[in-house]
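So you know, we letter chains A, B, ... as the sequences are listed, proteins then strands, and number each from 1.
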Amino acid sequence: MAPKLPIYMDNHATTPVDPRVVEAMLPFFTERFGNAASRNHSFGWTAEEAVENARAQIARLINATPKEIIFTSGATESDNLAIKGVAEMYREKGNHIITQATEHKAVLDTCKRLEKYGFEVTYLPVERDGRVNLEDLERAITPKTILITIMYANNEIGVIQPVAEIGKIAQKHGVLFHTDGVQAVGKVPVDVQRDGIHLLSISGHKIYGPKGVGALYVRRKNPRVQVAATIDGGGHERGMRSGTLNVPGIVGLGKACELCQEEMPTESVRMAALRDRLQRAIMGSLDEVYVNGSLDHRLPNNLNISFAYVEGESLLMGINDVAVSSGSACTSATLEPSYVLKALGVGEDLAHTSIRFGLGRFNTEEEVDYVAQRVVETVKRLRELSPLYDLAKEGVDLSKMSWKTD
Amino acid sequence: MAYSDKVIDHYNNPRNVGSMPKDDPKVGTGMVGAPECGDVMRLQIRVNPETQVIEDAKFKTFGCGSAIASSSLATEWVKGRTVEDALHIKNTDIVRELSLPPVKIHCSVLAEDAIKAAIGDWKRKQGADEAQASAATASAKE
Ligand SMILES: Cc1ncc(COP(=O)(O)O)c(C=O)c1O
Ligand code: FES
């Protein structure tokens with residue numbers, strides 16, 4: 001059966017909202033439009049009840065308690081609030097923060113800004129498989145360290161960090177541990193108790209919920225964590241995040257978490273099967289293709305492959321009825337290839353040839369087969385066009401050639 | 001990014017893809033760019049020694065769609081021109097013809113460089129030939 005085109009396979013960028021989530025949200029735009037902070041009438045109470053229900057749904061998914069969930073406008077804000085909020089609140093204790101090279105910009109650029117204000121940040125390198133070295137991490141801790149912020153799973157390569165071990169190290173040294181859980185929550189089991197997490201960022205639109213809503217988990221016990229607000233105002237969310245609550249969005253985020261929790265056992269198996277099918281179909285038909293990042297510690301829905309000798313943007317152009325993304329410089333505004341792949345030690349030549357496939361709830365086997373076939377035929381065609389493929393076939397070592405770069 | 005129809009056409013039906021023997025004295029080869037930069041173009045020309053006319057051109061390109069289109073167009077444009085005339089092809093002409101957006105201008109620059117490099121290579125070979133030839137007899141030309 002021919003799949004319906006175009007095919008969306010870029011679910012690390014965003015996901016479609018699940019129809020069940022839309023359905024749950026709709027009444028909160030119209031008849032249940034109340035302000036959750038209105039204490040004097042039923043419109044307010046109805047909204048507040050819906051918000052508290054969502055808080056509980058989110059808490060259940062990550063094994064937290066509802067009071068530990070703070071609503072935000074998305075994970076960018078959650079990351080900012082966690083890092084800046086801890087930096088301000090624990091300034092007396094120290095000014096050192098530890099993070100790592102493959103974080104999302106929401107974390108890296110927040111850390112960079114703090115450096116301007118006198119904080120010191122250690123950007124740990126990662127191993128070839130994309131994971132941090134735990135000994136490096138422990139060695140980086142100083143008496144001035146107040147926060148470790150290391151993501152749960154990476155948005156480009158899907159690599160899952162040794163989060164529970166990081167949590168233990170943080171606890172041992174009395175340092176707070178924040179993790180950007182955007183790509184992991186709802187896809188793999190995340191448990192703030194088991195993993196020793198103090199702060200966790202969540203985004204709605206990566207888990208089949210709406211855009212513009214997210215949450216920050218802030219631990220209240222063992223230890224009680226405090227963050228200084230970055231947005232001041234009416235004192236909502238126990239003073240940590242002011243602003244009238246986005247009730248429909250919050251209801252959607254809650255419903256999305258509930259669905260992820262219910263479906264994770266079957267969905268994660270199905271994702272892994274589709275991903276493996278895609279990988280087999282591609283790697284079975286092409287030589288010189290390389291998977292970037294660990295295959296053992298990886299989200300079930302991620303595949304990131306470099307197709308040697310074929311520039312990524314030209315490949316995307318050839319599979320224009322399939323939505324995926326590339327780490328190639330030609331697709332980025334900065335004309336720099338992916339800094340994540342660079343951190344793994346992937347050569348820039350191969351970084352330019354990388355494609356990220358992000359599978360999702362609504363992808364089918366037929367779609368996977370179609371995508372694999374399109375990728376294989378396009379790579380073959382473009383290799384016929386590639387002077388590098390010619391040279392490689394002649395046995396020339398490309399890394400030993402001198403290229404005029406000016 | 002939205003591509004112009006002409007870029008898409010060259011990408012889907014690239015003209016003059018292929019290679020020529022690079023040791024052939026009538027062939028000039030230009031290879032520009034670098035794999036680390038995400039773009040490498042190889043453009044080759046075959047020149048008629050009597051008329052100085054470029055009778056054939058071939059290319060292979062590793063790069064984005066605009067880079068492929070720029071080099072494909074370059075092969076079309078150099079064919080039938082004299083070597084001196086081909087040196088007048090400017091990257092801005094390529095930008096205009098293919099409606100390249102500003103971020104893709106460097107792809108057209110690369111194509112211009114590839115033309116110049118191929119012609120330079122051919123000229124070097126002629127120089128070497130002439131040196132050899134004049135060592136034996138007097139050079140036929142000038
Ligand atoms: C790992 C990671 N962190 C943070 C974000 C930002 O999330 P949001 O779009 O909700 O601000 C994203 C999404 O791009 C992400 O993938
Ligand atoms: S080759 Fe990189 S933008 Fe064209």
J.: In terms of the angle between their ring planes, are A/Y389 and A/Y309 parallel, tilted or perpendicular, with boundaries placed at 30° and 60°?
T.: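 The rings of A/Y389 and A/Y309 sit tilted, inter-plane angle from 30° to 60°.
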
J.: Below 4.5 Å from any heavy atom of chain B, which atoms of A/L398 appear? Answer side chain, backbone, both or neither.
T.: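 For A/L398, there is no contact with chain B at all, as no heavy atom is under 4.5 Å.
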
J.: Would you mind checking if B/E55 and B/R46 are paired as a salt bridge, meaning a charged N to carboxylate O distance below 4.0 Å?
T.: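 No, no charged N to carboxylate O under 4.0 Å.
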
J.: Top residue by heavy-atom pair count (under 4.5 Å) with chain A, among B/G38, B/A117, B/P35, B/G65?
T.: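 So the answer, after comparing B/G38, B/A117, B/P35, B/G65, is B/P35.
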
J.: Please classify the contact between B/V109 and chain A as side chain, backbone, both or neither, with a heavy-atom cut-off of under 4.5 Å.
T.: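 Answer is neither: B/V109 stays 4.5 Å or more from chain A.
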
J.: Is any NZ, NE, NH1 or NH2 atom of the basic residue among A/K380 and A/E384 found under 4.0 Å from an Asp or Glu carboxylate oxygen of the other?
T.: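 Looking at A/K380 and A/E384, the cut-off is not met.
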
J.: A side-chain contact here means heavy atoms from C-beta on lying under 4.5 Å apart; do B/V32 and B/V40 qualify?
T.: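 When only atoms from C-beta onward are counted, B/V40 and B/V32 do not touch, as no gap falls below 4.5 Å.
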
J.: Chain B: which of A/M401, A/M317, A/H352 shares the most heavy-atom pairs with it under 4.5 Å?
T.: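 Among A/M401, A/M317, A/H352, the one with the most close pairs to chain B is A/M317.
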
J.: Side chain, backbone, both or neither: which part of B/S19 has a non-hydrogen atom closer than 4.5 Å to chain A?
T.: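 The side chain, not the backbone.
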
J.: If the threshold is 4.0 Å, N to carboxylate O, is there a salt bridge linking B/K22 and B/D121?
T.: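 Judged by the 4.0 Å cut-off on N to carboxylate O distance, B/K22 and B/D121 do not form a salt bridge.
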
J.: Assess A/K105 against A/Y339: is NZ or CZ under 6.0 Å from the centre of the six-membered ring, and within 45 degrees of the ring's axis?
T.: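 Yes - A/K105 lies over the ring of A/Y339, closer than 6.0 Å to its centre and within 45° of its axis.
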
J.: Can you tell which part of A/T353 gets under 4.5 Å to a heavy atom of chain B, answering side chain, backbone, both or neither?
T.: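 For A/T353, the contact with chain B is made by the side chain alone.
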
J.: Taking A/D369 first and then A/R374, would you say they form a salt bridge - that is, a charged N and a carboxylate O separated by under 4.0 Å?
T.: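 No.
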
J.: So what's closer than 4.5 Å to chain B heavy atoms on A/S326: side chain, backbone, both or neither?
T.: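 Nothing of A/S326, per the 4.5 Å heavy-atom cut-off to chain B.
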
J.: So for A/D390, is it side chain, backbone, both, or neither that comes closer than 4.5 Å to the heavy atoms of chain B?
T.: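 The side chain, not the backbone.
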
J.: Any idea which of A/L316, A/L385, A/D349 has the most non-hydrogen atom pairs under 4.5 angstrom with chain B?
T.: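 Ranked by heavy-atom pairs under 4.5 Å with chain B, first place is A/L385.
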
